[in-house]
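Written out below as structure tokens is the structure these notes cover.
Each ligand, and each atom within it, is numbered from 1 in the order the structure gives. Please read these numbers as outputs of a predicted model, since none were measured by experiment.
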Amino acid sequence: MKFQDKLDKAVQKNNSLLCVGLDIDLSKIPQTILAKEDPIFIFNREIINATKELVCAYKPNMAFYEMHGIYGLSSLIKTIEYIQSTDIPVILDAKRGDIGNSSAAYAKAIFQIFKADAVTVNPYMGYDSIEPFLEYKEKGVFVLGLTSNKGSQDFETADAEKPLYKAVINKVKEWNKNKNCGLVVGATKPEQLKEIRELVPHLPLLIPGIGAQGGNLEASVRYGVDRDGKNAIINSSRGIIYASNQEDFASAAQNAAKELREAINQNRFMK
Ligand code: OMP
């Protein structure tokens, strides 16, 4: 199934635009889980069981698995396999992008080995660095547009007259021949988000930066959704999965996800 269709189904079924980020931090996982075999997978499975009726996507960031070497990668594969049994799409946050043949290898790993439904990519190296991902027509490709971090001012918005992120957006519109592109726009940049949504009325926007990074939820939802109140994927990682670092972590994550889904929905149709 195409990523966009899978996303639309999950949005509809769970009445949700919430994406839970699975950014594993062993120092925040309860001792009883750490004592088990494959604690990363067990932790994720509990979080997924507690939130699968509340979300439209999951977004594991590869860095948090790669840092544990082969064990982390094996837990990531098991986690994605488990998510696939729930019909919720997986956006693998990898921020890849390299010369063509290297990107082709990255794309193969992400879509064929890890079996993600979508990926995040870095556009700095231009079209041939993104093309191998776009060739997987069924998969979603989220291009970094305007990121949530402070350093976004170094390049993305350095030129106030002609900001680089706008050049990226124009290219993404060109690159969207297979209708499988999306854009990443940080929740910390609500003003620009409004403008970006006008430039790309139909593209799915992945919007991270809610919760731990202090992004503006209300504005991100209002400005981020399309005309039908869809296609904004509002991500929170630490704010959900580490709502508690005690035994009650899964129910605490469930409560945090319920609250956030509700807060998102209150702003979805306010355009
Ligand atoms: P929390 O701050 O814990 O909610 O995590 C945010 C997640 O979104 C992390 O995995 C980041 O790497 C990712 N992210 C950003 O925070 N800012 C961006 O501009 C882009 C991303 C991303 O591509 O997902």
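The environment of Q12 atom CD is sparse: at most 12 non-hydrogen atoms of other residues, nucleotides or ligands sit within 6.0 angstrom. The environment of NZ in K171 is sparse: at most 12 heavy-atom neighbours from other residues, nucleotides or ligands sit within 6.0 Å.
Of all the atoms in ligand 1, the ones that sit under 4.0 Å from a non-hydrogen atom of N235 are 6 (C), 7 (C), 8 (O). Of all atoms in ligand 1, listed by their number and element, those nearer than 4.0 Å to a heavy atom of N61 are 10 (O), 12 (O). Listed by number with element, the atoms of ligand 1 under 4.0 Å from a non-hydrogen atom of V184 are 20 (C), 23 (O).
Contact annotation: for D23 versus ligand 1, heavy atoms closer than 4.0 Å belong to the side chain alone. Contacts between P208 and ligand 1, counted as non-hydrogen atom pairs separated by less than 4.0 Å, involve the side chain only. With a 4.0 Å cut-off on non-hydrogen atoms, I210 touches ligand 1 through its backbone and not its side chain.
A 4.5 Å side-chain heavy-atom check between I48 and I88 finds every atom pair outside the cut-off.
Note: Y136 and F111 have tilted aromatic rings, judged against thresholds of 30 and 60 degrees for the angle between ring planes.
Nearest heavy atom pair, residue R261 against residue N15, reads CD-O, 3.6 Å. Scanning both residues, N180 and L134, for their nearest heavy atoms gives ND2-O, 3.0 Å. Across all non-hydrogen atoms, the minimal contact from L144 to V168 is O-CG1, 3.6 Å.
Residue pairs meeting the side-chain hydrogen bond (donor to acceptor under 3.5 Å, both in side chains) criterion with at least one partner in residues 41-58, sequence neighbours excluded, are N44-Y65, N44-T79, N49-Y82, T51-Y58.
Within the 4.0 Å heavy-atom shell around ligand 1 one does not find I91.
Of the protein's heavy atoms, Q213 NE2, 2.7 Å lies nearest to atom 16 (O) of ligand 1. Closest to atom 17 (N) of ligand 1, if we only count protein heavy atoms, is S148 OG, 2.7 Å. Scanning the protein for heavy atoms near atom 4 (O) of ligand 1, the closest one is S237 N, 2.9 Å.
For atom 24 (O) of ligand 1, the nearest non-hydrogen atom from the set R238, E156, K59 belongs to K59. Considering M62, K95, K189 only, the shortest heavy-atom separation from atom 22 (C) of ligand 1 involves K95.
Every N/O-N/O distance between T147 and ligand 1 stays at or above 3.5 Å. Of the polar atoms of S236, none of the N or O atoms is found under 3.5 Å from an N or O of ligand 1, judged by distance alone.
Judged as a ring pair (Phe, Tyr, Trp, His ring centres under 6.0 Å), and not counting sequence neighbours, the contacts of Y127 are W175.
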